[in-house]
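Working notes, structure below.
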Amino acid sequence: MSAEPKYKTAFACAPLVYVNGDYVAAQDAKISIFDRGFLFADGVYEVTAVISGQLIDYAPHIERLKRSLRELGMDMPCSDDELEKIHRSLIEKNGIDEGLVYLQVTRGSENGRNFPFPAGAKPSLVLFAQSTELSEDPKAETGVALASVPDIRWERRDIKSVALLAQVLAKQEAKSRGAFEAVMTQDGYVTEGGSSSLGFVKADGTIVLRPFSNAILPSITRQAVTKLADQTGVAIEERLFTLDELMGASEVFMASATALVMPVVKIDDQRIGGGQPGPVVRKLRALYFEMADQQAREQSDAWS
Ligand code: PDD
């Protein structure tokens, strides 16, 4: 019998998905082979966490989606109301209590392969939902390991593009080294995780984060954490930092819609904070769930 994997990362898609106007069984969902998402990774995506059957920080995710689309000269594929309805229907139809909704918009398809934008192509819209453990995630109790890799991505990482090959390679490398996530570095500084934002806590309790720019994705979870830290009087310092500094920190954390606030206890061969999740990150994770529960309660009141 094979041993239980240390990090469970494979999540099965819920049975009902949305493709260009229809709710269909996942195995029947189809997209053209000429779709530019398939041929050129010409598209963008969002991942929104679901807690207590409700969408967490939905509005900023959709704002970021609109910005990504704008930066690539693409239109929203449907109205705001319609998009929210699709998100909610997938949660409801698939009975998702905790997990995520994945959304992808591509520039659509024409009959062939041409690099420049096709005239009049209709964007493709695909959404699906997955159940994952968030509030009871066992990784949050033990903390996770990171493996450092060079950041080989393009220069517009602020756009949430589906062109994720560099991250696929980074995360595969991390996995092969027994780590849960990659920490990517460029020009001597940490950029971010393979699919997460990274930060650390200094000895005086200040949280250090890399400033948002074209070099990293403006993480919605990190913005929520920053707000919570601010409300509880924790100072935030935004500046570049090195891998050595991260490895020498008393506490390190990842932030993303899939891991939420996740303590990091090892980077390469270096233990962080004695190899245990520390009090500041534990507290921020608890505050995050309080905030999420509050949002979920407000939405369930508004939608019932
Ligand atoms: N990734 N940085 C990168 C490169 C990311 O891919 C992500 C999220 C984040 C965190 O952003 P947010 O807090 O808005 O989820 C930072 C998603 C979850 C993914 O690709 O699965």
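Since the model is a prediction, treat every value here as computed from it, not as a measurement. For ligands, and for the atoms within them, numbers begin at 1 and follow the listed sequence.
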Quick one: does R64 get within less than 4.0 Å of ligand 1, heavy atoms only? yes

Would you kindly say whether E98 and S135 are connected by a side-chain donor-acceptor distance under 3.5 Å? yes

Atom 17 (C) of ligand 1 sits nearest the protein heavy atom K160 NZ, 3.4 Å

With atoms numbered from 1 as shown, which atoms in ligand 1 lie under 4.0 angstrom from a non-hydrogen atom of Y45? 6 (O), 19 (C), 20 (O)

Side chain, backbone, both or neither: which part of A257 comes within less than 4.0 Å of ligand 1 when only heavy atoms are counted? both

At less than 4.0 angstrom from any non-hydrogen atom of S197, what atoms of ligand 1 do you find? 16 (C)

For ligand 1, note which part of P218 has a heavy atom under 4.0 Å away: side chain, backbone, both or neither. neither

Between F117 and R107, is there a cation-pi geometry (under 6.0 Å to ring centre, at most 45° from the normal)? yes

Judged by atom type as modelled, is there a donor-acceptor pair below 3.5 Å linking the side chain of D137 to the main-chain atoms of K139? yes

D42 side-chain N/O to R36 backbone N/O, donor-acceptor pair under 3.5 Å: no

Give a yes or no on whether a salt bridge exists between D28 and K30, defined as a side-chain N under 4.0 angstrom from a carboxylate O. no

So for H61, does at least one of its heavy atoms come nearer than 4.0 angstrom to any atom of ligand 1? yes

Are any of the heavy atoms in R157 under 4.0 Å away from ligand 1? no

In terms of side-chain heavy atoms, does E181 have a donor or acceptor partner in S196 at a distance below 3.5 Å? yes

Distance under 4.0 Å to a non-hydrogen atom of G194: what atoms of ligand 1 satisfy this? 4 (C)

Would you mind listing which atoms of ligand 1 come within a distance below 4.0 Å of any non-hydrogen atom of S256? 10 (C), 13 (O), 15 (O)

the protein heavy atom lying closest to atom 2 (N) of ligand 1 turns out to be E192 OE1, 2.6 Å

Top protein contact for atom 6 (O) of ligand 1, by heavy-atom distance: S195 CA, 3.4 Å

Would one find an N or O of Q167, backbone or side chain, under 3.5 Å from an N or O of ligand 1? no

Protein contact to atom 21 (O) of ligand 1 [nearest heavy atom, distance to 0.1 Å]: V47 CG2, 3.9 Å

Would you call K160 and E63 a salt bridge, using N to O less than 4.0 angstrom? no

Would R153 count as a contact of ligand 1 if the rule is a heavy atom under 4.0 Å away? yes

Considering heavy atoms of the protein only, find what lies nearest to atom 18 (C) of ligand 1 and give residue, atom and distance to 0.1 Å. T258 OG1, 3.8 Å

Atoms of ligand 1 less than 4.0 Å from A255 heavy atoms? 10 (C)

So for I220 against ligand 1, with non-hydrogen atoms under 4.0 Å, the contacting part is both

Can you confirm whether the side chains of Q186 and R153 place a donor and an acceptor under 3.5 Å from each other? no

Looking only at protein heavy atoms, what sits closest to atom 16 (C) of ligand 1 is S196 C, 3.3 Å

Sidechain-backbone polar pair: T206 side chain, K202 backbone, donor-acceptor under 3.5 Å: no

Residues in salt bridge (Lys or Arg N to Asp or Glu O under 4.0 Å) with E290, at least two apart? none

List the residues meeting salt bridge (Lys or Arg N to Asp or Glu O under 4.0 Å) with D230, not counting sequence neighbours, and say none if there are none. none

Residues K85 and E92 bridged, charged N to O under 4.0 Å: no

